[in-house]
Amino acid sequence: MIIQNGNKTIEIGENAPALVIPEIGINHNGSLQVAKEMVDAAYRAGARLIKHQTHVCSDEMAGAAKKVIPGNADISIYDIMEQAALSEEEELELKDYVESKGMLFLSTPFSRAAADRLEKFGVNAYKIGSGELNNYPLIEHIAEFGKPMIVSTGMNDLKSIEKTVNIMEKYGVQYALMHTTNLYPTKPEWVRLGAMQEMMHAFPGVPVGLSDHTLNNNACIAAIALGASLVERHFTDHMDRIGPDIVCSMDEHALGELLQAAREVPLMRGGHKGAIPEEQVTIDFAFATCVTIKPVKVGEVFTKENLWVKRPGTGEIPAEEYENILGKKATCDIENDIQLTRSMVEN
């Protein structure tokens, strides 16, 4: 999967480093200035993109939402989003600010109006939240734009995911899938990386990753070790900000560490058991070979009293062949503390 933004390309998949998505989401609490400060922090940490959330509350929620209070808040979901939403002008300014730093601006539209706003902005890709995965009318509306889509799949089973996949396949859009547990914060035992692996098997060839809401980077790093192509965590410039998602956010330091892991951990995957050529320098001093521990005369039998195994590993007969040498005769006189060569031992 490739997201193109001018001359900047972000590749997601097996042959690319794991992509880290820092989500400022609504952590700015409706302040454009705070949002920019968070962008600055992510940029300093080395992020390649920033993810936002686009909320047009009147199109996103019915009045009944004013009576629904999320598990990590004490006011209604409608009030939370209304207070945290940026205006269209503010969000466009935020997008321009992100792109002025050479980063990609990515956002999750939570309604048709939000998607249309982002399309008017000319965004290069869309992030779909878990709550919208089975909102098939909205999925189809966004897929019609023909842009790449990164889709979180929390609270949904493989059957629901397959329906969304079929819509994206229908419109020929590039897409990636992210396993998610939508609890804020998520306990380690709720992460279920096995579910992510289940998705990898169910949708071969599709980039799969983890959108995480735990309290540290461990789940994301573990996911990358298991083959995740992309990982996502909420992001804030510092942890003393106030907001429902701050508790499960990472700060600039944690983002830097996760970006480093995303570069290094994929390099650690795969391989087979055995020495690599670069280990020869260590083999040369760490392995043992057969060495005389007493002078040995021509025709004398090698025994445990005159032959042992010692470092370094530069000798000709390795320690693993020691038992085979015992009982054989020397073909020449050999001094004490000499690494045995094969020509010194009778055939």
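When side chains are defined from C-beta on, Thr164 does not count as touching Asn134, because their heavy atoms never get closer than 4.5 Å. Under the 4.5 Å side-chain criterion, counting only non-hydrogen atoms from C-beta, Glu300 is in contact with Asn306. Contact annotation: the side chain of Pro148 never approaches that of Ile2 to less than 4.5 Å [non-hydrogen atoms, C-beta and beyond]. The closest side-chain heavy-atom distance from Val165 to Ile161 is below 4.5 Å. Residues Arg311 and Thr289 are not in side-chain contact: their nearest non-hydrogen atoms beyond the backbone lie 4.5 Å or more apart. Here the side chains of Ile50 and Leu106 are not in contact, with every heavy-atom distance at 4.5 Å or above. Under the 4.5 Å side-chain criterion, counting only non-hydrogen atoms from C-beta, His52 is in contact with Leu86.
Residue pairs meeting the side-chain hydrogen bond (donor to acceptor under 3.5 Å, both in side chains) criterion with at least one partner in residues 320-330, sequence neighbours excluded, are Glu321-Arg342.
By the rule that hydrophobic residues join a cluster once side-chain heavy atoms approach within less than 4.5 Å of another member, Met344 and Leu307 end up as members of one cluster.
Cation-pi contact between Lys147 and Tyr126: absent, since separation from the ring centre below 6.0 Å together with deviation from the ring axis within 45° is not met.
Using modelled atom types, one side-chain atom of Ser31 and one backbone atom of Val34 make a donor-acceptor pair closer than 3.5 Å. The backbone N or O of Ala114 lies less than 3.5 Å from a partner atom in the side chain of Ser111, making a donor-acceptor pair. Listed for the His179 side chain is a donor-acceptor partner under 3.5 Å among the backbone atoms of Arg192.
At a threshold of 4.0 Å, the pair Glu88-Lys120 counts as salt-bridged, since one of the basic side-chain nitrogens sits closer than that to a carboxylate oxygen. In this structure, Glu23 does not pair ionically with Lys127, as no charged nitrogen and carboxylate oxygen lie closer than 4.0 Å. A salt bridge links Arg44 with Glu252: the distance from a Lys NZ or Arg NE/NH1/NH2 to an Asp or Glu carboxylate oxygen falls below 4.0 Å. We find that Arg241 and Asp237 are joined by a salt bridge, their nearest charged nitrogen and carboxylate oxygen being less than 4.0 Å apart. The existence of a salt bridge linking Lys8 and Glu99 is excluded, since no basic side-chain nitrogen approaches an acidic carboxylate oxygen closer than 4.0 Å.
By the 6.0 Å contact criterion, CD on Glu335 is open, its count of non-hydrogen atoms from other residues, nucleotides or ligands being 12 or less. Environment of CZ in Phe287: sparse, with no more than 12 heavy atoms of neighbouring residues, nucleotides or ligands closer than 6.0 Å.
The aromatic rings of His234 and Tyr184 sit perpendicular, their planes meeting at an angle over 60°, well past the 30° parallel limit.
Between Thr181 and Val191, the closest heavy-atom pair is OG1-O, 3.7 Å.
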